[in-house]
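Quick notes on the structure that follows.
What you see is a predicted model, and the numbers here were worked out from it, not measured in a lab.
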Amino acid sequence: MKSPLLTLPGAVPAEGVDEGVAAHYGDLFREQRALADGTGFVDLSHRGVVTVTGDDRLAWLHLLLTQHVSDLPAGQATEALILSANGHIEHALYLVDDGETVWAHVEPGTQDALIAYLESMKFFYRVEVADRTADIAVVHLPAGSIAEVPQGVAVRETPYGRDLFLPRADLEAYAGQAGPPAGILAYEALRVEHHRPRLGFETDHRTIPHELGWIGSAVHLQKGCYRGQETVARVQNLGKPPRRLVFLHLDGSEVHLPVAGTELRLAGDGPDGRKIGFITTSVRHHELGPVALALVKRNVAVEAPLVAGDTAAAQEVVVEP
């Protein structure tokens with residue numbers, strides 16, 4: 001779904017998963033600084049929007065999600081996962097209940113599969129699931145923003161800012177009053193800075209929540225059963241995950257960033273060393289320079305210097321080994 005805000009001055013379309021919104025509006029670092037200062041907004045209208053209504057909505061979702069939501073207070077934001085039977089991450093939901101409706105935004109293009117799963121699990125529960133992507137656009141206001149929130153709009157308030165579920169028909173008008181626009185690349189740079197994993201970027205077909213630090217923020221360890229819970233409990237109580245998320249400071253003298261999927265090796269092993277991990281997201285940050293998130297084998301020493309392709313990289317621990 002192509003955003004009307006791509007007609008704004010300087011807008012350069014994003015590619016890949018984020019196609020449909022602007023990568024940037026002409027000045028990536030200015031846009032990052034604006035978001036860090038609490039001004040402007042980010043057009044996330046390409047993300048899927050799913051709602052759940054009905055008297056049983058929270059009790060029902062509590063049975064399916066990794067998060068404790070049966071008593072979720074109205075207006076309190078949370079995030080949750082849906083796992084496979086083997087505990088691998090299949091969906092990530094960023095949700096809030098407004099007292100009548102649970103609103104969730106999800107990765108672009110994943111809403112159909114999510115809704116199909118939810119519909120298959122309705123049984124006798126009094127719930128209705130709807131795809132609202134066509135009429136609702138997600139807009140992100142950074143932490144500290146004083147931009148006005150239209151009355152009646154569902155809002156997810158988080159430490160990183162507010163996510164607005166805005167009627168798509170109002171998107172252009174709201175953009176005109178919300179301050180300078182920032183593209184998805186600026187948003188991603190701050191996400192990487194804050195070590196926040198993203199489905200489809202930091203995850204692959206075998207990722208479990210412990211590897212990414214999603215225990216606590218998206219996975220509640222003292223709730224009832226849900227699909228994949230056995231794996232979560234076993235790793236939590238009896239073992240360690242096979243991989244761990246790390247934050248990398250990359251050599252700033254390199255012209256090109258190592259792209260997602262670039263293999264990581266121990267610097268001391270030379271160019272023919274064994275693969276010990278891979279880049280998941282790399283960005284240029286307005287203060288930190290080139291940085292990245294990556295997955296490495298759990299037993300890689302936290303102080304070990306790494307090489308991403310031909311680029312030197314120093315680790316910062318996100319998930320403890």
Side-chain angles (χ1 to χ4, degrees), residues 32 66 79 81 83-84 86-89 92 159-160 188-221 228 230-321:
Q32 286 185 35
T66 57
E79 56 188 65
L81 308 175
L83 307 180
S84 72
N86 293 322
H88 301 138
I89 299 169
Y160 308 104
E188 283 288 281
L190 299 191
R191 177 181 73 81
V192 170
E193 176 191 5
H194 294 132
H195 308 164
R196 296 168 58 203
R198 182 178 174 187
L199 183 76
F201 286 64
E202 279 61 59
T203 68
D204 57 22
H205 66 284
R206 59 192 180 98
T207 305
I208 60 175
H210 302 75
E211 295 177 321
L212 303 184
W214 253 329
I215 301 299
S217 63
V219 178
H220 196 285
L221 293 175
E230 294 84 357
T231 298
V232 171
R234 185 168 60 252
V235 174
Q236 183 69 23
N237 296 321
L238 300 176
K240 293 284 188 178
R243 303 177 297 183
R244 59 184 177 86
L245 185 69
V246 297
F247 180 77
L248 298 179
H249 294 270
L250 303 172
D251 181 359
S253 66
E254 297 289 341
V255 175
H256 301 290
L257 282 174
V259 299
T262 300
E263 294 185 356
L264 291 169
R265 308 183 310 278
L266 295 173
D269 287 351
D272 297 323
R274 66 185 180 92
K275 174 185 173 182
I276 53 87
F278 59 94
I279 297 286
T280 59
T281 305
S282 59
V283 298
R284 294 192 184 276
H285 191 275
H286 70 285
E287 288 184 340
L288 301 175
V291 292
L293 293 175
L295 277 174
V296 300
K297 294 181 183 296
R298 178 177 57 85
N299 59 2
V300 173
V302 297
E303 71 278 2
L306 307 179
V307 176
D310 296 323
T311 303
Q315 298 179 69
E316 188 174 308
V317 174
V318 176
V319 174
E320 294 289 340

In Å and rounded to the nearest 0.5 Å, what is the [atom1] to [atom2] distance from [X] to [Y]?
X	Y	atom1	atom2	value
Thr207	Leu83	OG1	CG	11.0 Å
Glu316	Leu288	CD	CG	8.5 Å
Trp214	Ile89	CH2	CD1	5.0 Å
His194	Tyr160	NE2	OH	6.5 Å
Ser217	Leu212	OG	CG	9.5 Å
Glu320	Lys240	CD	NZ	8.0 Å

- Item | Which atom of Pro290 lies closest to which atom of Gly252, heavy atoms considered | CG-CA, 3.7 Å
- Over all atoms of both residues, closest heavy-atom pair of Val319 and Gly213: CG2-N, 3.4 Å
So, [X] side chain and [Y] main chain: donor-acceptor pair closer than 3.5 Å or not?
X	Y	answer
Asp204	Arg206	yes
Ser84	His88	yes
Thr280	Leu293	yes

- Query: Hey, is Arg244 close enough to Glu211 for a salt bridge, meaning N to O under 4.0 Å?
  - Reply: no
- Answer whether the closest heavy-atom distance between the side chains of Val283 and Val291 falls below 4.5 Å. yes
- Query: Side-chain contact, heavy-atom cut-off 4.5 Å: Ile279 with Leu248?
  - Reply: yes
Donor-acceptor list for residues 300-311 side chains, cut-off 3.5 Å, not counting sequence neighbours:
none

- Message: Surrounding NZ of Lys297 (heavy atoms of other residues, nucleotides or ligands, distance under 6.0 Å), is the total greater than 12?
- Response: no
- Message: Under a 3.5 Å cutoff, is there a donor and acceptor pairing between the side chains of Thr281 and Glu202?
- Response: yes
Sequence neighbours left out, what passes side-chain hydrogen bond (donor to acceptor under 3.5 Å, both in side chains) with [X]? Give chain and number order.
X	value
Asp251	Ser253
His286	Gln32
Arg196	none
Glu193	His285

- Any pair with a residue in residues 257-270 that passes salt bridge (charged side-chain N to carboxylate O under 4.0 Å, His left out), sequence neighbours left out, goes on the list, sorted by first then second residue, please. none
